[in-house]
**Q** 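I have a structure here, written as structure tokens, and I will follow up with some questions on it.
Being a predicted model, the structure only gives us computed values, none of them experimental. Atoms considered below: every heavy atom in the structure, side chains included; atoms not considered: hydrogens, waters and symmetry mates. All chains are named by letter (A, B, ...) in the order of the sequence lines, taking the proteins before the strands, and each is independently numbered beginning at 1.
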Number of protein chains: 2
Amino acid sequence: MKTIEIKNAWQGESDCENCSIRSSALFAELNEEDFSKIHSPIDDLSFEAYAGIYQQGDKAGSLYTLRNGYIKILHINSDGSERIVRIVLPGNLFGMEALLGEAYEHSAYALTNVHLCRIPKNIISTLGEESPRLHRQIVKKWGEALLQSESWFSEINTGRIEVRLARFFLKLAKESGSFAIAPLFKREDMGLMMDVKCETISRALASMAEQGLISNITRLSVQIPNLELLRQFSKRGV
Amino acid sequence: MKTIEIKNAWQGESDCENCSIRSSALFAELNEEDFSKIHSPIDDLSFEAYAGIYQQGDKAGSLYTLRNGYIKILHINSDGSERIVRIVLPGNLFGMEALLGEAYEHSAYALTNVHLCRIPKNIISTLGEESPRLHRQIVKKWGEALLQSESWFSEINTGRIEVRLARFFLKLAKESGSFAIAPLFKREDMGLMMDVKCETISRALASMAEQGLISNITRLSVQIPNLELLRQFSKRGV
DNA sequence: CGAACCCTTGATCGTGTTCAATAGGCGTGG
DNA sequence: CCACGCCTATTGAACACGATCAAGGGTTCG
């Protein structure tokens with residue numbers, strides 16, 4: 001494995017036209033003519049877990065597409081309290097405030113090692129007005145972000161914590177043979193997502209394990225032995 | 001006052017080019033040429049307080065601009081629990097899911113008597129791809145909705161309820177002479193906004209009044225005798 | 001004038017917080 | 001490679017906040 005001294009490493013310029021996640025990304029619908037209009041370089045970057053990608057208040061010059069890993073979008077309130085407003089999943093766009101104003105409205109931190117593309121805002125604002133295909137895609141991505149934020153809000157912040165955790169797992173779980181695996185993050189981060197303290201997350205995990213809803217709790221993941229059972233629990237509770 | 005038998009009344013076709021709130025609305029930047037491309041009628045409607053405007057799951061054929069009053073955007077979770085994900089303020093767009101998919105993702109209800117414009121989605125999807133001005137405005141409105149949703153999330157759902165209520169008042173307060181007035185809604189609705197029961201809202205209001213942070217609590221509004229005091233409270237608590 | 005609805009208030013209970021102590025991983029340096 | 005130390009996670013006990021159940025008081029509208 002490479003030694004990375006600074007927290008992020010430049011991986012080269014992206015070849016968007018042949019990108020492996022292009023179908024789910026911003027440039028999904030672009031044609032060759034559109035691509036020929038892109039002149040600024042789109043950089044391909046990787047960050048270590050817990051590295052900061054941008055800070056609330058920074059001048060917003062680029063938006064980002066996440067290729068893999070997870071990112072937290074953190075909002076700092078005027079009283080200094082923090083709140084995670086959204087988790088970015090692979091294929092999602094973030095830092096879209098760049099299209100609107102001068103500064104980022106939130107901070108973005110890597111939750112895991114991540115790999116992402118940085119797209120200068122001028123590419124989008126010029127191309128967006130010329131290409132109906134990109135226009136459509138931008139509107140779609142904005143919409144997805146809004147829906148994700150709202151569903152996060154509605155589902156991850158309502159009810160007893162164990163139920164919220166269950167919904168959280170169901171959102172992130174990946175099937176793997178007869179069971180599924182969901183990622184865990186630092187307990188404090190998970191607390192910030194659900195407006196709860198880290199001790200409470202810990203206790204809730206323990207209690208869910210006792211009930212057989214999850215197993216093999218580690219620092220970084222849980223196993224879900226029975227997805228259907230968890231789904232029931234997330235709806236009815238207990 | 002007019003008697004309105006059905007819950008909403010058609011107020012005529014909108015004259016968008018001369019709309020009084022046009023500067024803050026979707027069509028702010030359009031020019032005469034753009035307007036000439038609008039063929040479907042944009043209706044001007046009014047609804048009584050508590051009327052439903054559209055329901056989660058309805059076929060999404062139009063988006064809306066709120067002219068005056070307040071609207072709640074309600075999300076119903078799979079377990080039947082409800083949550084208010086956003087309050088629409090005058091000048092805001094809502095029902096934008098129409099641009100993305102087939103169905104509305106939430107339900108919209110009037111919190112007060114409201115006055116709004118209904119814009120068929122085909123106007124936007126065709127015009128949006130032809131007019132860079134409208135494109136820019138759509139992206140902007142979409143971004144505003146996302147930021148509002150996220151700040152709602154972050155500020156109205158973190159901390160003790162009295163603090164959350166304080167932030168809520170500060171968001172909605174209108175200055176009026178030496179003091180300010182903030183609207184109140186049904187206690188149950190306020191509870192749905194903050195993930196709290198109506199009794200708790202009631203108690204919090206009483207306690208804030210005792211502390212001199214608010215006064216003259218009625219069914220529909222509170223007075224804020226000292227905005228600066230409330231602002232302090234919303235940051236430091238007590 | 002009465003009825004429905006909403007808001008308020010009280011008492012008790014449950015959930016999450018807080019403070020504190022302990023245990024477990026992981027990386028570093030010997 | 002092991003031992004130490006730091007950081008994070010877990011667990012416990014007392015406490016605070018909001019939920020719940022229940023009763024009473026106000027408004028509004030027919």
**Q** C:dC6 C1' sits how many Å from B:L192 CG, rounded?
**A** 15 Å
**Q** Could you state the atom-to-atom distance from NZ of B:K186 to C1' of C:dC7 in whole Å?
**A** 11 Å
**Q** To the nearest 0.5 Å, what is the distance between CG on B:L147 and CE on A:M96?
**A** 9.5 Å
**Q** Checking contacts here: which listed nucleotide (C:dG24, C:dC6, C:dT17) is nearest the side-chain heavy atoms of B:R219?
**A** C:dC6
**Q** Indicate for each nucleotide in nucleotides 8-13 of chain C, in 5' to 3' sequence, whether protein heavy atoms under 4.0 Å reach the base (B), only the sugar-phosphate (S), or nothing (-).
**A** BBBB--
**Q** Can you pull the contact range of chain A along DNA chain D, 5' to 3', using atoms under 4.0 angstrom from its heavy atoms?
**A** D:dT8 to D:dA13
**Q** Taking 4.0 angstrom as the limit, do B:K171 and B:E155 come out as a salt bridge?
**A** yes
**Q** Enumerate, in order of first residue number, the stems that involve DNA chain D, defined as 3 or more consecutive Watson-Crick or G-U wobble pairs with both distances under 3.5 Å.
**A** C:1-5 with D:26-30, C:8-30 with D:1-23
**Q** What is the distance from CG of A:L184 to P of C:dG25, rounded to the nearest Å?
**A** 14 Å
**Q** Please confirm whether B:K186 makes a cation-pi placement over B:Y50, using NZ or CZ under 6.0 Å from the six-membered ring centre and within 45° of the ring normal.
**A** yes
**Q** Taking CD1 from B:I161 and C1' from C:dG16, how many angstroms apart are they, rounded to a whole number?
**A** 14 Å
**Q** What's the spacing between A:L205 CG and A:E162 CD if we round to 0.5 Å?
**A** 9.5 Å
**Q** Mind checking whether B:K59 and B:Y104 have side chains closer than 4.5 Å, heavy atoms only?
**A** no
**Q** Hey, could you give me the CD1/CG distance between A:I71 and A:L89, rounded to the nearest 0.5 Å?
**A** 10.5 Å
**Q** With a 4.5 Å cut-off on side-chain heavy atoms, are B:S149 and A:F153 touching?
**A** no
**Q** Should A:K197 be listed as having a side-chain N or O under 4.0 Å from OP1 or OP2 of C:dT18?
**A** yes
**Q** Hey, what do you get for NE2 (A:H106) to CG (A:D58), rounding to the nearest 0.5 Å?
**A** 13.0 Å
**Q** Do A:N77 and B:S154 pair up side chain to side chain, a donor and an acceptor below 3.5 Å, judged on atom types alone?
**A** yes
**Q** Is it the case that the side chain of A:R67 and the backbone of A:H115 share a donor-acceptor pair, with hydrogens and angles ignored and the cut-off at 3.5 Å?
**A** no
**Q** Can you measure from CD (A:E82) to CD (A:Q56) and round to the nearest 0.5 angstrom?
**A** 9.0 Å
